[in-house]
Amino acid sequence: MSNPQIVTRFAPSPTGYLHIGGGRTALFNWLFARGRGGKFLLRIEDTDRERSTPEATAAILRGLTWLGLDWDGDVVSQFDRKDRHADVAHEMLTRGTAYKCFSTKEEIDAFRIAEEEAGRYPLFLSPWRDADPSTYPDLPYVIRMKAPRTGETIIDDKVQGKVTFRNDQLDDMIVLRSDLTPTYMLAVVVDDHDMGVTHVIRGDDHLANAARQTMVYQAMDWPVPVWAHIPLIHGPDGKKLSKRHGALGVEEYQVMGYPAAGMRNYLTRLGWAHGDAEIFTSDEAMAMFDLDGIGRAPARLDFKKLEHTCGQHIAKADDAALLRELEAYLGVAGKPPLTQAQHDLLLRAMYCLKDRAKTFPELLDKAEFALASRPIVPDAAAAVHLDAVSRGILRALTLQLQNGIWEKAELEHILTAAATEAGIGFGKLAQPLRAAIAGRTATPSVYDMMLLLGRDETVARLSEAAG
RNA sequence: GGCCCGUUCGUCUAUCGGUUAGGACACCUGGUUUUCAACCAGGUAAGAGGGGUUCGACUCCCCUACGGGCUGCCA
C-alpha cells in the first residue's frame, strides 16, 4: 500500500486568507498523496517580502486545518531558503546555463513599451547573454537563465495533455534579482526538487510557467516532476471568482456553518468525477481519486449542491463528533457557547436533529426546543397556533400528561385521544404543541421533543403556553 | 497584440467512433407525512456555431464565437 515515491505539496503565497480555489488545490494534492501512501507537504511562498504577512500564513494554516487537510513535516518557508536558491543560481552560472545581465529595469521597461507601441511582441533579449565576462561593468546585475532559443518545450500534463511551447516565445527569465533574492521561478523549482516533490498539482494559471520551470530543471539536470494543472474555480456566473461573488476564503464557509466533511466532498466533486460517485467519505475519495478524473474546464460554484452535500454528511455524522464541530462553529461565528446542560441535551437530541439540517445554523434552528429555556417565547409563525381554542386543548392535555408513563407509546395514546376528543386531526394538535414546546413551527417530532425534555419540563412549557 | 487552455441538461459531470447521450444538484408533478428536513414515483432539460475525416461523430481535424490563463527584478 505504501508508495513512498509520491510526494505532493501545496505552496500558497501568504498574502491573504486561504482562497476557496487554493483549498481545492490543496485538497487534490492531499487526496492524491494520502490515497497512495505518499507525503503531502506544505510550503509558504513568502519570497515577496512586501506582500507576505505572518497573519496570512496563520490564516492559511487555520483554513487547511479546518478542512481537515493535514500535512507532513514542518511548514517550509521559502524565504528561509534564499541562500540555497542563490547557490543554485550561481551553480547555473558555473554550468553556463545562466548569465549575468546588467540591463537596468528602466532600459527593459523602455524596450517593452517601444516594442508594444510598434505592435511587436515585447520579448526582451538581453545583450549580455553572450557577452564576454571581461567586458562586465562593476554594476548591479541580475542572473538570467540562458534559455534555449530554438525548438520547443513540451509539458506532458496529466490534466491538460501534451502542451507545446515554442522556445523563441520565452525570454531568459531572471532567476536571481539584483538584490540577490531569488525569483519565484527559481525558488519553486529548487524547493520542489529539494523537497522531493514528484507531482506538482496546482492551478492552471501556472501552465505556461511549467515550460520555463522545465528549463530550470534541465539546466540543473534534475528530474522533471509530473505536472497536473487544474482549472480554476469560477463563480456561479461563469466568471473568474472574485469578491463580488461573495465568500472567497475557506474560513468564510466555516462561519456560514458548512461542515468540513461536506466541504471536502463538494470540493472534490467540483471539477473531478469518478463515474456516478457523488457522496463519499474522504477515505473513499482517497481510494478513488486520480489525476485523469480531473476535468479540463473551469467549474462553477453551486451553493445548492454544496448544501445538499453537507446535509448528507451531517445526517451521517457521529453524534459526538458533530456536536464538537457545531461548538467550534459557534466559536468562529461569534455565537455564545453551549452551557453544560445544553450540551448534554443536544447530544441526546442529535439523532433527531442531524437528518433535518444542511448547515449548522439550520441545525441550531431545529434545536431551539433544546436550547431555549422557559418562558418559551414563540416566534410570529408559531404564535398563530396558540389561539384560545388551542390553549384550551393544551390545558386539558397538561392534566393528562402529569400522570401517564413517560414513554412514546403512552404519549401517542394520550395525544391521539386528545386530538380525537377535540375533533381535530393529529396535525392540528402537533402545531400548538410545537409552538408551546419550542416556540417554532419547524421542529423535530413532538414525541422526540417531549421525551428528550422529560415530563416536568414538557408539562411546565405546556401549562405556560396554555396560560 | 502574441502564445497557451477550455466549451455535453440551469449547475457539477459520465461517455474515451456505434448509447433511447447516463447520474447528481436545482426545478416541476404526484405520493408519503406531525411541521421542517428526509423519503418514494415520475417529468422538463444538453453535445457553442460552421466546415471536414469516417459506413458512422459529443468523441478525431480545421475555422469562428465565447470564456480563461500567461506574456513582471509578483507569486
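Residue numbers start from 1 in every chain, and the chains themselves are labelled A, B, ... in the order their sequence lines are given, proteins ahead of strands. Below, all heavy atoms of this structure are taken into account, side chains as well, without hydrogens, waters or symmetry copies.
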With [atom1] as the reference atom in both, quote the distance from [N] to [M] in angstrom, rounded to an integer.
N: B:rA45; M: B:rG10; atom1: P; result: 10 Å
N: B:rA14; M: B:rG69; atom1: C1'; result: 27 Å
N: B:rC16; M: B:rG2; atom1: P; result: 37 Å

>> Is it the case that B:rC5 (base atoms only) and A:Arg296 (side chain only) share a donor and an acceptor within less than 3.5 Å, ignoring hydrogens and angles?
In response: no
d([atom1], [X]; [atom2], [N]) in whole Å:
X: A:Glu50; N: B:rC73; atom1: CD; atom2: P; value: 15 Å
X: A:Trp272; N: B:rG23; atom1: CH2; atom2: P; value: 19 Å
X: A:Arg51; N: B:rG72; atom1: CZ; atom2: C1'; value: 11 Å

Which is true for [X] with a 4.0 Å heavy-atom rule: it touches a base, it touches only sugar-phosphate, or it touches nothing?
X: A:Tyr266; answer: nothing
X: A:His234; answer: sugar-phosphate
X: A:Ser103; answer: base
X: A:Met173; answer: nothing

> Could you go step by step and tell me if A:His206 and A:Tyr184 meet the ring-ring contact (aromatic ring centres under 6.0 Å, His included) rule?
Replying inline: CA-CA 11 Å; A:His206 286 291; A:Tyr184 161 77; 5.6 Å; yes
>> Check the orientation of A:Phe32 and A:His199. Use parallel for under 30°, tilted for 30 to 60°, and perpendicular for over 60°.
In response: tilted
> Name the one of A:Asp46, A:Asp191, A:Asp48 that satisfies side chain to side chain donor-acceptor pair (under 3.5 Å) with A:Gln78?
Replying inline: A:Asp191
>> I'd like to compare against my own output: the B/S/- annotation of nucleotides 26-31 of chain B with a strict under-4.0 Å heavy-atom distance to protein.
In response: S-----
> Does A:Ser445 have a side-chain nitrogen or oxygen under 4.0 Å from the phosphate oxygens OP1 or OP2 of B:rU35?
Replying inline: no
>> Among B:rC70, B:rU34, B:rG23, which nucleotide has an atom closest to any side-chain atom of A:Ala208?
In response: B:rC70
